[in-house]
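In this text the structure is predicted, and so the values were computed from the model without any measurement.
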Amino acid sequence: MKLNLVILSGGSGTRLWPLSREQYPKQLLALIGDDTMLQQTATRLDGFSGSLPVAVEPIVVCNEEYRFITAEQMRAIGRPTRHILLEPIGRNTAPALTLAALSVVREGDDGVLLVMPADHVVRDREAFHRSVAVGLEAAKEGAMVTFGIVPERAETGYGYIRFGSECSPGVCEIAAFVEKPDAETAAEYVASGAYLWNSGLFMVRASAWLKAIGHFNPAMLAACEASLDAAVRDIDFVRIGRGAFEACPSDSIDYAVMEKLAGTPELGIAPRVVPMSVGWSDVGAWDALWALAEKDGTGNAARGDVVFEDTTDSLVHATSRMVACVGVDGLVVVETPDAVMVAHKDRTQDVKRIVARLKADKRSQVYAHRKIHRPWGCYDSIDNGQRFQVKHIQVKPGAALSLQMHHHRAEHWIVVSGTAKVTRGDETFLLTENQSTYIPLGVTHRLENPGKLMLEMIEVQSGSYLGEDDIVRFEDTYGRK
């Protein structure tokens, strides 16, 4: 038996827009420190010394749209994993946990699953380890454990858990789950000392979860089993069968199972909560990030090239240019190459309304950044206009783009640094710094980096249509044919 880390890496990229996007949600961002939130989650059990060994490879459940950057970030911190489960469509957290539990059981381990969203912050890792060690003993004995955060303030953005008597050291019965309260009720909860914030962190044995979900929602279990039966391995990924998973009911871990366990003692799966104070936040909006960030003497937090003058209690995040603030108070300013968002710190929850408007207008800034990550590297669309587009392309050493062709555009390639191996029709040749070539419309071509350094080049596209869907792939290392 092992302790298996299950990382739920979904998200719609709305709450921290414009830094997060639908295809680049907040867990892929480095918001606190140098590592991304996904990377911090994957290493959160480093040094854990509980009663079970931690499985070497985490299980990551994520959307296929950002699978390559997810795998790359895991490799960058020395946590490559064969267990990246790709959901073809979002179905909330209960099916995601069911897929993870089935994967563990099918590999012959009825281990304990520690379920963590990839976009949470835990500042006190040692205290977190102590809480996990306490909850682990209850989970090993068949309980389903959640972790409740001792509230620091009257918060209306979280659900609450009313805890009962202590049934073992550090582990309490759950008296009730409570929906997000209004401000007055939240103040009463905190003053009573009997309530905890619902963190969305869980711990349960794989077999216990499958037994519970099979009892409460057999259709969900059946759909997950069928979709895993139809799964296909693709490089680092397990592609879950789309047809079966689309038929899966959508529900959260709380609603599907956790809140129902107290009423079904015959299952033998006791609901338990471990109260903890670990510097936790779900970073639910920009004001939450301001609260977590290091600040100067006037309450300002900055990242990037930022200049403050007569400014107080503000958060400024600059990614591509200098941002200067003069004579303002309590603002959030977020700058990206293709969008700038300015909001009062008290209104950051309403950013999702802007995202909804942009989505209704089908604006590209909702879905992706200007810089797009691919398994071979990345590209940045640095300029565009009528019938032209200019990209800065970076290709990792040893990587290759697909062998492809375009119906509506021609391309000019200029090597800035490194060495490019170019296939153009029937010819193959090398280009080095300051050399260039031309790819006519309709000609099969491929770009490769045969060297040991990053290949950087400028691509100028011209033609009647420049969309990313104007591509015919003939061969592809990454299964995108």
Side-chain angles (χ1 to χ4, degrees), residues 9-31 36-38 62-70 72-73 89-90 118-119 283-290 302-306 314-325 331-345 347-375 377-394 409 458-461 465-471:
S9 189
S12 58
T14 59
R15 295 196 290 178
L16 293 185
W17 185 89
L19 208 57
S20 65
R21 307 287 172 99
E22 189 170 296
Q23 295 177 15
Y24 206 90
K26 66 179 178 177
Q27 65 265 24
L28 303 177
L29 301 169
L31 297 174
T36 68
M37 301 180 80
L38 170 65
C62 80
N63 187 294
E64 63 181 19
E65 289 291 341
Y66 41 88
R67 64 194 185 278
F68 293 118
I69 187 63
T70 296
E72 182 61 32
Q73 288 194 1
I89 188 171
D119 57 358
V283 198
W286 284 110
D287 61 323
L289 184 61
W290 174 84
R303 194 168 187 131
D305 190 1
V306 178
S314 295
L315 170 68
V316 180
H317 196 120
T319 64
S320 66
R321 71 199 99 173
M322 183 187 74
V323 175
C325 294
L331 287 188
V332 173
V333 181
V334 184
E335 177 275 331
T336 69
D338 63 348
V340 177
M341 189 277 296
V342 181
H344 194 278
K345 199 147 50 61
R347 297 290 303 275
T348 57
Q349 291 286 350
D350 292 334
V351 170
K352 60 188 177 184
R353 293 165 59 182
I354 292 291
V355 176
R357 288 179 59 182
L358 296 176
K359 193 165 188 175
D361 293 339
K362 297 182 180 179
R363 296 289 296 269
S364 62
Q365 291 90 340
V366 171
Y367 304 103
H369 285 283
R370 202 180 74 177
K371 185 176 183 178
I372 303 294
H373 292 268
R374 290 290 185 254
C378 61
Y379 68 84
D380 185 356
S381 298
I382 57 180
D383 197 9
N384 65 81
Q386 188 69 26
R387 294 183 62 88
F388 82 91
Q389 181 170 210
V390 182
K391 290 182 176 181
H392 173 211
I393 296 177
Q394 295 176 286
R409 71 175 185 252
I458 299 298
E459 176 182 270
V460 180
Q461 302 176 354
Y465 179 70
L466 305 172
E468 287 301 310
D469 54 347
D470 177 23
I471 181 171

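Note that the CD atom of Gln461 and the CD atom of Gln389 stand 5.0 Å from one another [nearest 0.5 Å]. Considering OG1 of Thr348 and CG of Leu289, their distance stands at 10.0 Å, rounded to 0.5 Å. Interatomic distance, CD1 of Ile382 versus CD of Glu459, reported as 10.5 Å (0.5 Å rounding). Between Ile458 atom CD1 and His392 atom NE2 the span is 5.5 Å, to the nearest 0.5 Å. Separation of atoms CG (Asp338) and OG (Ser364) is listed at 6.5 Å; rounding is to 0.5 Å. Interatomic distance, Leu31 CG to Ser20 OG, rounded to the nearest 0.5 Å: 8.5 Å.
Residues Ala339 and Pro18 approach most closely at CB-CB, 4.0 Å, considering heavy atoms. Minimum heavy-atom separation, Asp469 to Tyr465: OD1-OH, 2.6 Å. Nearest heavy-atom pair, Glu64 versus Arg67, reported as atom, atom and distance to 0.1 Å: O-NH1, 2.7 Å. Between Thr14 and Val351, the shortest heavy-atom distance links the atoms O-CG1, 3.8 Å. Considering every non-hydrogen atom in both Pro337 and Arg370, the closest pair reads CB-CZ, 3.7 Å. The minimum heavy-atom distance linking Gly284 with Arg15 is given by the pair O-CD, 3.1 Å.
Of the possible polar contacts, one joining the Trp17 side chain to the Gln365 backbone as a donor-acceptor pair under 3.5 Å is found. Arg321 contributes a side-chain N or O that, together with a main-chain N or O of Thr336, makes up a donor-acceptor pair within less than 3.5 Å. Looking at Gln27, its side chain does come within 3.5 Å of a backbone N or O of Gly10 through a donor-acceptor pair. Side-chain atoms of Glu335 do not come within 3.5 Å of backbone N or O of Val340 as any donor-acceptor pair. Side-chain N or O atoms of Lys345 include none that pairs as donor or acceptor with a backbone N or O of Trp290 at under 3.5 Å. Although no hydrogens or angles enter the test, the distance criterion places a donor-acceptor pair under 3.5 Å between the side chain of His369 and the main chain of Leu19. Under the 3.5 Å distance criterion, the side-chain polar atoms of Asn63 are matched with a main-chain donor or acceptor of Glu65. The backbone N or O of Leu28 sits nowhere less than 3.5 Å from a side-chain atom of Thr36 that would complete a donor-acceptor pair. No donor-acceptor pair under 3.5 Å is formed between the side chain of Tyr24 and the backbone N or O of Lys371.
Put simply, the side chain of Asn384 does not reach to within 4.5 Å of the side chain of Leu466, judged on heavy atoms.
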